[in-house]
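In what follows, a single structure is set out as structure tokens and then discussed.
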Amino acid sequence: MDFRIPRGTMDLMPGEVEKWQYIEEKARDLCRRYHFSEVRTPLFEQTELFRRGVGETTDIVEKEMYTFTDQGGRSLTLRPEGTASIVRSFVEKKVYGEPQPTKWYYIGPMYRYERPQAGRQRQFHQFGVEVFGTTAPGMDAEVIDLGFQFYRTLGLDGVKVELNSVGCPRCRPIHREKLIEYLTPRKEELCKDCLSRLDRNPMRILDCKNESCREVTEKAPRMVDHLCDDCKSHFEEVQENLQLLDVPYVLNTQMVRGLDYYTQTAFEFVIEGGAGSLGGGGRYNGLVEEIGGPEMPGIGFGLGLERTLLALEEQGLELPARYGVDCYVIALGDDAKKRAISLLKELREVGCSADRDYLDRKMKGQMKAADRMGARYAAILGENELKENRIKVKELATGNQETIQLDRLADYIRQGRKD
RNA sequence: GCGGCCAUGGCGAAGUGGUUAACGCACCGGAUUGUGGCUCCGGCAUUCGUGGGUUCGACUCCCACUGGUCGCCCCA
């Protein structure tokens, strides 16, 4: 074998791809009901968009981006997440001038250069939504509800919504100072990563998984205790709205999220097992301006589809597999084979799926092929049938067979596929 | 970037230093010249991820590389 699939990517083969179509269909239907519209943006953007949008101090920008130079010398990057591109598009197309709010969703691949493992690929897929133009806490709750319903409609159990508020540019600096004040004397107990975070992004120390760091941060000043009045009431109203929507949630005051653009609401969908974090999101009230647009609030989430599938499999939930074919036409003899060509066309024109033999197999081989591909009916056309203008139709599951008029075949199969 | 485990046909998998590399599934053909699923028979790896080394001899031992997988960091 000369060529191999790039590390961290996968081929979705027949039998598997139907599962993807199924969950994408669920996402689209959900978005339709919540009145979100789909947008599709390029898979790559100017590198600078992600540096600015996602944040220079994030792991994504520091070590995970697929960046390349095109033939015109421009630095481009395969999108590591969806929000930056969506915001760019919102600003570039001046959608902020239209009636607000704007409610969008997207489904597609994202790219991050990482070591692959369970639920982590270099090319992975996200379903995400973004809402611009409102700070209403009810919208925060609605976005969280939409994400939660996505898992519910798929039948996934045990999805937890974790909720926090990370404040805004008014109150966060105050918390930041308190945090530095608290952590600096305890420097020695922090891991080396957190040591460098101390002056660059001290909040991220709060969700470090290192044991020693956790002990230190356990009694550290909490963001929720330092929220300004606006952030505080917003946070409370988000929770009220979640209760009205019957979305169960738990507060996680340590949760920070890995992207720098979040303000106020931050949330994550988590589950026991290999998937761990299924997805997450939050409010980003400064991002549109950062990307060159007007002052315009936003909120959204990104959900990992590989992880959703992983969780569904862990719970043993069956998703649709391979489709069969409605009718397999078996033709014997040259004249019958010619007639079979137009028969297939007739079947397909009335909406049935139809197939036939292309390998010059004999009766037995053709029957076997029909059986293997999960055909509902096998239609047998031999010299005798052709002479009498009839055809034999066998329902493979039951073994029942009858002879019908040749020109009634398409109608017969079409009726059959309804029940 | 770091660590564990793994690498034999299309797939699963035995074989742990000695002359022909089990077996199961799948696939193809036949028994059954116009009827699938069951049964029976036959076919299907000059070769064990790649490169080097040890040895009279290596799929089996050693090293390196590559790839897979799982975990850490982080995240989806």
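These values consider heavy atoms only, across backbone and side chains, with no hydrogens, waters or symmetry-generated copies. In what follows, chains are A, B, ... by sequence order, proteins preceding strands, each numbered from 1.
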**Request:** Select base, sugar-phosphate, or nothing to describe what A118(A) touches, counting heavy atoms under 4.0 Å on all strands.
**Result:** sugar-phosphate
**Prompt:** Is the closest basic N to carboxylate O distance between E142(A) and K103(A) below 4.0 Å?
**Reply:** yes
**Message:** Students often get this wrong, so: under 4.0 angstrom with heavy atoms, is R112(A) touching a base, only sugar-phosphate, or nothing?
**Reply:** base
**Item:** C74(B) and U66(B), which share atom name P, separated by this distance in whole Å
**Value:** 26 Å
**Request:** Please state the C1' separation for the pair U60(B) and U19(B) - nearest whole angstrom.
**Result:** 15 Å
**hbond_proxy R372(A) side chain to C27(B) base (donor-acceptor, 3.5 Å cutoff)** = no
**Request:** Give the dot-bracket string for RNA chain B, reading 5' to 3', where a pair is Watson-Crick or G-U wobble with both distances under 3.5 Å, ( ) marks pairs inside the strand, [ ] marks pairs crossing earlier ones, | marks a partner on another strand, and . marks unpaired.
**Result:** ((((((((.[[[..)..(....]]].(((((.......))))).....[[[[[..)....]]]]])))))))....
**Request:** Decide whether a cation-pi geometry holds between R283(A) and Y262(A); the criteria are a distance under 6.0 Å from NZ or CZ to the six-membered ring centre and an angle within 45° of the ring axis.
**Result:** no
**Asked** Do we get R152(A) above F150(A)'s six-membered ring, with its NZ or CZ under 6.0 Å from the centre and within 45° of the axis?
**Response** no
**Message:** I'd like to know if R4(A) reaches the base of G49(B) with its side chain such that a donor and an acceptor end up less than 3.5 angstrom apart.
**Reply:** no
**Asked** What is the nucleic acid contact for E81(A), judged by heavy atoms within less than 4.0 Å: base, sugar-phosphate only, or nothing?
**Response** nothing
**Item:** Sole candidate of E268(A), Q239(A), M255(A) that passes side chain to side chain contact (heavy atoms under 4.5 Å, CB included) when paired with L163(A)
**Value:** Q239(A)
I'd like a list of close polar pairs between nucleotides 29-31 of chain B and the protein, N/O only, cut-off under 3.5 Å.
from	atom 1	to	atom 2	distance (Å)
G30(B)	OP1	K362(A)	NZ	2.5

**Item:** Passing candidate, side chain to side chain contact (heavy atoms under 4.5 Å, CB included) with R390(A), options K392(A), E388(A), K387(A)
**Value:** E388(A)
**Prompt:** Hey, is the side chain of Q366(A) pairing donor to acceptor with the base of U35(B) inside 3.5 Å?
**Reply:** no
**Item:** Any N/O donor-acceptor pair, E114(A) side-chain to A76(B) base, under 3.5 Å
**Value:** yes
**Request:** Would you classify E385(A) as touching base, sugar-phosphate or nothing, given that sugar-phosphate means primed atoms plus P, OP1 and OP2, and contacts are heavy atoms under 4.0 Å?
**Result:** base
